[in-house]
Amino acid sequence: MSSELIHRAQTREPQPHHNRTSNSPRVSNSAPKSANRIGYMFRERVPFLLIGVAIATFFFHLLPSRSASIVAATQHDSFLETELALPTRRVLLEEKKGRVPLGLKSKKPKRILVTGGAGFVGSHLVDRLMERGDSVIVVDNFFTGRKENVLHHMGNPNFELIRHDVVEPILLEVDQIYHLACPASPVHYKFNPVKTIKTNVVGTLNMLGLAKRVGARFLLTSTSEVYGDPLQHPQAETYWGNVNPIGVRSCYDEGKRTAETLTMDYHRGAGIEVRIARIFNTYGPRMCIDDGRVVSNFVAQALRKEPLTVYGDGKQTRSFQYVSDLVEGLMRLMEGEHVGPFNLGNPGEFTMLELAQVVQETIDPNAKIEFRPNTEDDPHKRKPDISKAKELLGWQPSVSLREGLPLMVTDFRQRLFGDSKATGTKGASAS
């Protein structure tokens with residue numbers, strides 16, 4: 001029995017050896033198959049892997065620019081978020097050294113936006129900028145501006161005219177912004193006081209936002225009305241004014257004061273290059289004929305053979321500068337290195353009665369003078385101290401009232417009566 005068990009065990013011992021022998025060819029065949037797998041991977045898998053890496057790299061480079069455009073589109077939906085969040089780009093600022101004199105053509109023409117550029121002052125400014133060789137974009141809603149004022153530039157490839165209200169945002173690529181858009185005469189700004197203050201505040205905010213986005217230099221045309229009925233005479237830029245915040249002129253006076261505040265806040269808080277001009281009474285061709293301002297009133301009344309209306313006792317004083325002097329001051333301020341504010345006006349002081357007499361001498365010596373009750377919040381004295389402009393801008397007015405008034409009369413006569421002897425171009429050329 002035991003021998004049988006031993007025999008069976010002996011007969012089973014070679015079994016493992018037999019198995020190893022039978023499996024040995026399989027072990028020897030595994031090497032070629034592994035090599036085949038590696039070759040297959042290199043032939044079939046690695047190219048797909050490389051293609052996947054290339055696609056991933058392409059998308060990683062593409063997605064940042066797309067995400068930036070998506071963020072910009074999202075921020076555009078919220079105007080205030082845009083103003084607070086977007087960084088200032090400094091890509092279009094002029095060089096600070098070696099500036100070209102204003103009388104010469106710039107070596108590098110600028111792309112300039114003039115809001116209110118179809119108005120009285122704006123159109124004369126556009127003429128000078130076009131003459132200098134710049135590309136000019138005029139934005140105007142034609143509330144007080146007229147297409148006729150810029151019609152002679154139509155067809156010039158350097159000129160663009162856009163009908164637009166600055167209360168609504170606009171996107172443009174420009175180097176400089178002259179912000180003139182706002183009704184400036186009592187007749188016009190009292191017509192819709194809420195619209196006037198919106199133009200001063202929201203319109204200025206929109207233009208400052210544009211300047212921030214494109215890195216443009218911004219010039220605000222403020223007004224001598226920020227001084228109100230002044231207790232200081234003459235008025236220097238350091239005077240804070242005496243303004244009635246709830247009067248009938250407040251929409252304009254306080255609106256401009258707020259516009260100055262916004263301009264300086266953008267300058268200090270966002271690093272925007274800004275300039276502020278405080279404009280005193282200005283006259284010349286292209287003024288609105290019935291805008292309620294004293295010079296245009298007197299000229300139109302004298303030409304129509306109507307009495308010259310003097311409000312109050314006629315002893316109120318004003319200072320009158322010709323429009324070409326103002327345009328020169330604005331351009332010097334924009335191209336200069338000083339923020340301001342700067343008074344831009346003629347320190348030559350006239351009472352209303354003296355002005356009426358000059359108009360009589362120029363147009364009709366027989367014109368009568370008619371006195372009427374004074375208007376509310378009408379300043380009694382207005383005379384600029386231009387010492388700062390003289391010193392820092394090298395600017396002062398050069399056209400006297402007796403020289404400039406006949407040019408304005410020529411323009412008004414042609415517009416009122418179509419006098420063929422009087423052309424608007426003569427008055428415009430003086431600017």
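We're numbering straight along the sequence, starting at 1. From a predicted model like this one, the values you see are computed outputs, not experimental measurements.
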Visitor: Given the rule in the side chain to side chain contact (heavy atoms under 4.5 Å, CB included) test, do Tyr322 and Leu407 qualify, once you have shown the distances and angles that lead to the verdict?
Guide: CA-CA 10 Å; Tyr322 190 68; Leu407 300 174; 3.4 Å; yes
Visitor: To the closest 0.5 Å, what do you measure between OH (Tyr266) and CG (Leu208)?
Guide: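 Reported value, rounded in 0.5 Å steps: 6.0 Å.
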Visitor: Can you check whether Glu168's main-chain N or O pairs, donor with acceptor, with Asp165's side chain at less than 3.5 Å?
Guide: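 No; judged by distance alone, with no hydrogens or angles, the pair does not exist.
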Visitor: Yes or no on side chain to side chain contact (heavy atoms under 4.5 Å, CB included) for Gln360 and Leu308, after CA distance, side-chain angles and deciding distance?
Guide: CA-CA 9 Å; Gln360 285 176 322; Leu308 309 185; 4.0 Å; yes
Visitor: So His179 and Phe218, would you call those rings parallel, tilted or perpendicular, with 30° and 60° as cut-offs?
Guide: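 Ring orientation, 0 to 90° scale: tilted.
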Visitor: Considering all heavy atoms of both residues, which atom of Val243 and which atom of Tyr227 are nearest to each other, and what is their separation?
Guide: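 Distance-wise, the nearest heavy atoms are CG2-C, 4.1 Å.
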Visitor: Can you tell me if Gln316 uses its side chain to pair, donor with acceptor, with the backbone of Gly314 under 3.5 Å?
Guide: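 Indeed, once roles are kept as given, a pair shorter than 3.5 Å links the two residues.
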Visitor: Side chains of Phe120 and Val323: does their closest heavy-atom pair fall under 4.5 Å?
Guide: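 Of all side-chain heavy-atom pairs linking Val323 with Phe120, at least one is under 4.5 Å.
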Visitor: Looking only at heavy atoms, what is the nearest atom pair of Gly394 and Arg332, with distance?
Guide: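 Answer, listing the atom of Gly394 first, then Arg332: O-NH1, 3.7 Å.
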Visitor: In terms of side-chain heavy atoms, does Ser123 have a donor or acceptor partner in Arg286 at a distance below 3.5 Å?
Guide: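 A donor-acceptor contact under 3.5 Å links the two side chains.
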Visitor: Measure from NZ or CZ of Arg413 to the centre of the six-membered ring of Phe417, then state whether that distance is under 6.0 Å and the direction lies within 45° of the axis.
Guide: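 Cation-pi check for Arg413 and Phe417: fails.
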Visitor: Mind telling me whether Tyr283 and Phe320 have parallel, tilted or perpendicular rings, with 30° and 60° as the class edges?
Guide: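 It falls in the perpendicular class, over 60°.
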Visitor: Is there a donor-acceptor contact under 3.5 Å from the side chain of Lys198 to the main chain of Pro193?
Guide: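 Pair absent, no side-chain N/O of Lys198 close to backbone of Pro193.
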Visitor: Can Glu335 and Gln176 be counted as having a side-chain donor-acceptor contact under 3.5 angstrom?
Guide: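 A pair is found: one side chain offers a donor N or O, the other an acceptor, under 3.5 Å apart.
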Visitor: Using a strict threshold of under 4.0 Å (side-chain N to carboxylate O), is an ion pair present between Lys108 and Asp134?
Guide: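 Looking at Lys108 together with Asp134, the answer is no, because their closest N to O distance does not fall below 4.0 Å.
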Visitor: Among Leu180, Leu326, Leu344, find the one that has a side-chain contact (heavy atoms from CB on, under 4.5 Å) with Thr221.
Guide: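 Exactly one pass, corresponding to Leu180.
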Visitor: Please test Ile289 against Ser296 for side chain to side chain contact (heavy atoms under 4.5 Å, CB included), starting from the C-alpha separation and ending with a verdict.
Guide: CA-CA 6 Å; Ile289 292 177; Ser296 54; over 6 Å; no
Visitor: Quick one about Ser398 and Asp325 (side-chain donor to acceptor, distance below 3.5 Å, no hydrogens or angles considered), yes or no?
Guide: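 Yes, because at least one side-chain N or O of Asp325 sits under 3.5 Å from a partner of the opposite role on Ser398.
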Visitor: If every non-hydrogen atom of Pro183 is compared with every non-hydrogen atom of Thr196, which pair is closest and at what distance?
Guide: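 Of all heavy-atom pairs spanning Pro183 and Thr196, the closest is CG-OG1, 3.9 Å.
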Visitor: Can you give me the closest heavy-atom contact between Cys182 and Asn200, atom names plus distance?
Guide: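 Scanning both residues, the minimum pair turns out to be SG-OD1, 3.2 Å.
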Visitor: Will you find, in the side chains of Glu403 and Ser400, an N or O donor that is under 3.5 Å from an N or O acceptor?
Guide: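 Ser400 and Glu403 do have a side-chain donor-acceptor pair below 3.5 Å.
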Visitor: Report yes if the side chains of His338 and Arg275 come closer than 4.5 Å at any heavy-atom pair, otherwise no.
Guide: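 A side-chain contact is absent here, since even the closest heavy-atom pair is not under 4.5 Å.
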Visitor: Using 0.5 Å steps for rounding, measure from the CD1 atom of Ile276 to the OG atom of Ser222.
Guide: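 Those atoms lie 7.0 Å apart.
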Visitor: Just so I know, are the side chains of Leu125 and Met331 near enough to count as touching, which here means a heavy-atom distance under 4.5 Å?
Guide: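 When only atoms from C-beta onward are counted, Met331 and Leu125 do touch, with a gap below 4.5 Å.
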Visitor: Pairing donors with acceptors under 3.5 angstrom, does anything connect the side chains of Asp127 and His152?
Guide: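 There is such a pair between these side chains.
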Visitor: Can Asn346 and Ser319 be counted as having a side-chain donor-acceptor contact under 3.5 angstrom?
Guide: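 No.
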Visitor: Looking at every non-hydrogen atom in both residues, tell me the closest pair between Val202 and Val167 and how far apart they are.
Guide: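 In this case the closest contact between Val202 and Val167 is CG1-O, 3.5 Å.
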Visitor: Could you tell me if Lys147 sits above the aromatic ring of Phe142, with its cationic atom closer than 6.0 Å to the ring centre and no more than 45 degrees from the axis?
Guide: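 Yes.
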Visitor: For a 4.5 angstrom cut-off between non-hydrogen side-chain atoms, does Asp175 reach Arg217?
Guide: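 Answer no - side chains too far apart.
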Visitor: Tell me whether Asn343 contacts the main-chain N or O of Asp385 through its side chain, where contact means a donor paired with an acceptor under 3.5 Å.
Guide: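 Pair found, side chain donor or acceptor close to backbone of Asp385.
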Visitor: Under the criterion side chain to side chain contact (heavy atoms under 4.5 Å, CB included), I'd like the reasoning laid out for Arg402 against Val358: C-alpha separation, chi angles, the key distance, then a yes or no.
Guide: CA-CA 7 Å; Arg402 296 182 185 275; Val358 173; 3.8 Å; yes
Visitor: Got a second to check how far Asp364's CG is from Glu306's CD, nearest 0.5 Å?
Guide: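 Atom-to-atom, Asp364:CG and Glu306:CD are 12.0 Å apart.
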Visitor: Determine yes or no for a side-chain-to-main-chain donor-acceptor pair under 3.5 angstrom, with Tyr252 supplying the side chain and Thr223 the backbone.
Guide: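 No.
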Visitor: Is the backbone N or O of Val166 less than 3.5 Å from a side-chain atom of Asn206, with the two atoms forming a donor-acceptor pair by type?
Guide: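 Yes.
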Visitor: Atom CZ in Arg213, atom CD1 in Ile272: separation rounded to 0.5 Å?
Guide: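 Between Arg213 CZ and Ile272 CD1, I get 10.0 Å after rounding to 0.5 Å.
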Visitor: Is it the case that the side chains of Glu370 and Thr309 hold a donor-acceptor pair, with the cut-off being a distance below 3.5 Å and no angle test?
Guide: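 The criterion, which ignores hydrogens and geometry beyond distance, is not satisfied for Glu370 and Thr309.
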Visitor: Which heavy atom of Val174 sits nearest a heavy atom of Ile112, and at what distance?
Guide: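 Reported closest heavy-atom pair: CG1-C, 4.5 Å.
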Visitor: Among Arg257, Arg278, Lys256, Arg382, find the residue that satisfies the salt bridge (charged side-chain N to carboxylate O under 4.0 Å, His left out) test when tested with Glu225.
Guide: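 For Glu225, the salt bridge (charged side-chain N to carboxylate O under 4.0 Å, His left out) test succeeds with only one of Arg257, Arg278, Lys256, Arg382, which is Arg382.
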Visitor: Heavy-atom distance under 4.5 Å between the side chains of Leu333 and Trp395, does that happen here?
Guide: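 No, too far: nothing below the 4.5 Å cut-off.
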Visitor: Begin from the C-alpha positions of Arg249 and Asp229 and carry the test salt bridge (charged side-chain N to carboxylate O under 4.0 Å, His left out) through to its verdict.
Guide: CA-CA 11 Å; Arg249 301 168 70 107; Asp229 189 3; over 6 Å; no
Visitor: Between Met334 and Tyr178, is any pair of side-chain heavy atoms under 4.5 Å apart?
Guide: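 Side chain of Met334 against side chain of Tyr178, heavy atoms only: contact under 4.5 Å found.
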Visitor: Can you measure from OG1 (Thr115) to CD1 (Ile170) and round to the nearest 0.5 angstrom?
Guide: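 Going from the OG1 atom of Thr115 to the CD1 atom of Ile170 covers 10.5 Å.
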Visitor: Assess, by modelled atom type and distance only, whether the side chains of Gln235 and Ser224 contain a donor and an acceptor separated by less than 3.5 Å.
Guide: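 No pair is found: no donor N or O on one side chain lies under 3.5 Å from an acceptor on the other.
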Visitor: What residues form a salt bridge (charged side-chain N to carboxylate O under 4.0 Å, His left out) with Glu354, not counting sequence neighbours?
Guide: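 Not a single residue meets the salt bridge (charged side-chain N to carboxylate O under 4.0 Å, His left out) criterion with Glu354.
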Visitor: For His153 and Glu160, does a side-chain donor sit closer than 3.5 Å to a side-chain acceptor?
Guide: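 The answer is no; no qualifying pair exists.
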Visitor: Between Asp140 (side chain only) and Ala118 (backbone N and O only), is there a donor and an acceptor less than 3.5 Å apart?
Guide: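 Checking the backbone N and O of Ala118 against the side chain of Asp140, a donor-acceptor pair under 3.5 Å is found.
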Visitor: Is the shortest heavy-atom distance from the side chain of Leu172 to the side chain of Ile162 under 4.5 Å?
Guide: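 Yes. Closest side-chain heavy atoms under 4.5 Å.
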Visitor: Say you draw a straight line from CG of Asp265 to OG1 of Thr261; how long is it, rounded to the nearest 0.5 Å?
Guide: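 Atom-to-atom, Asp265:CG and Thr261:OG1 are 6.5 Å apart.
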Visitor: Do Arg111 and Ile137 have side-chain heavy atoms sitting under 4.5 Å apart?
Guide: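 With C-beta onward as the side chain, the pair touches.
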